[in-house]
Amino acid sequence: MTNQWTLNRLNFEGCWQGRGCWHVRDSEGDLNFATPTRVITPTRYAISFSDEDTGVWDGSGLFFAPDGKATYAISRDSYNAGGGCWQFAGAGGQSSRRLDAGASRFGHEINLFQARSRSMLVLIWEPIDHHWRLQVVGAVGFRCLQGQSVEPERPICASPEALLEPLRGWQGSSERLTPSEAIQGQPSAPQPVVFDPKQLLRHDCSVVMADGLVFSVPEQLPNAAFRLEIGGLLGPALFQQVSILFDSAGTLTAWHRSTFQATRI
């Protein structure tokens with residue numbers, strides 16, 4: 001069975017380049033999704049492996065890093081030491097494991113892959129006036145420069161409903177992965193599902209982004225169980241959805257990944 005480290009290599013290896021659009025809550029407390037606060041072109045992640053166990057992550061045009069650049073050694077031995085990394089075939093990222101009153105951020109990075117295209121969404125909540133508020137959202141439509149062909153930029157839909165309603169009734173399958181501080185975690189066996197926009201659009205903060213991305217999350221995290229919903233229309237006949245579930249104590253319990261194809265029951 002393919003472990004989490006191997007899935008990480010299969011998903012992320014490549015020279016990824018795209019346009020980063022970042023939205024930051026302003027001094028008036030507003031989070032404007034119509035106009036990015038900052039656009040970074042290009043954002044570039046070069047992820048290479050010298051063998052099956054070791055590699056290098058090299059990035060530029062980064063939003064958070066000093067001077068916009070960073071380089072890290074990566075390896076099988078150190079991967080997922082904190083248990084917040086997650087991988088499915090064609091989707092992967094990292095998540096904060098719990099709401100920590102002593103932390104400055106509660107963050108999630110979600111990547112959805114289709115061939116040599118990678119759609120990345122970053123969601124960051126910060127503690128403000130004793131509440132966790134969505135503070136930063138970033139989206140990058142990456143294309144691998146090592147691919148034989150490059151998919152053009154996908155159009156941005158007018159609204160989440162306009163993106164999702166045509167997909168109603170698409171058939172698919174769903175897998176579940178639970179957090180583990182190791183590389184041996186395995187998604188559950190796929191279960192059949194049928195797409196309904198209502199099961200993604202659960203929150204008032206529902207937004208479409210670049211590269212076919214869409215998300216629906218609480219703008220202020222509740223003192224109760226909650227879930228984050230992220231999706232991507234990765235082609236005319238393929239939609240991926242990632243659900244990130246937290247219990248009433250603010251502890252991450254599972255990631256669900258669903259894939260839907262343009263076939264109807």
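Model, not experiment: these values are computed from the prediction. The basis for the numbers below is simple: all heavy atoms, side chains too, and nothing from hydrogens, waters or symmetry mates.
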Got a salt bridge between [X] and [Y], using NZ or NE/NH1/NH2 to carboxylate O under 4.0 Å?
| X | Y | answer |
| --- | --- | --- |
| Lys198 | Glu229 | no |
| Asp196 | Arg168 | yes |
| Arg143 | Asp211 | yes |

Q. Honestly curious: do Phe215 and Phe226 fall in one hydrophobic cluster under the side-chain, below-4.5 Å linking rule?
A. yes
Q) Honestly curious: do Met120 and Phe63 fall in one hydrophobic cluster under the side-chain, below-4.5 Å linking rule? A) yes
Q. Is there a donor in the side chain of Glu151 and an acceptor in the side chain of Ser117, or the other way round, less than 3.5 Å apart?
A. yes
Q) With a cut-off of 6.0 Å (strictly less than), are more than 12 heavy atoms of other residues, nucleotides or ligands near OH of Tyr72? A) no
Q | Greater than 12 external heavy atoms within 6.0 Å of Glu153's CD | A | no
Q: List in chain and number order the residues that pass salt bridge (Lys or Arg N to Asp or Glu O under 4.0 Å) with Arg176, two or more places apart in sequence or in another chain; answer none if no residue qualifies.
A: none
**Q.** Within the 6.0 Å centroid threshold, strictly below: Phe260 and Trp170
**A.** no
Q. Hey, do the aromatic rings of His108 and Phe246 have their centres closer than 6.0 Å?
A. yes
**Q.** Sequence-distant partners of Arg257, side-chain hydrogen bond (donor to acceptor under 3.5 Å, both in side chains), two or more places apart
**A.** Glu175, Gln240
**Q.** Test side-chain hydrogen bond (donor to acceptor under 3.5 Å, both in side chains) applied to Asp247 - qualifying residues, sequence neighbours left out
**A.** none
(Q) When you measure from the side chain of Thr37 to the backbone of Val24, do you find a donor-acceptor pair of N or O atoms at a distance under 3.5 Å? (A) yes
**Q.** Among Trp57, Tyr45, Phe113, ring pair (Phe, Tyr, Trp, His ring centres under 6.0 Å) partner for Phe12
**A.** Phe113
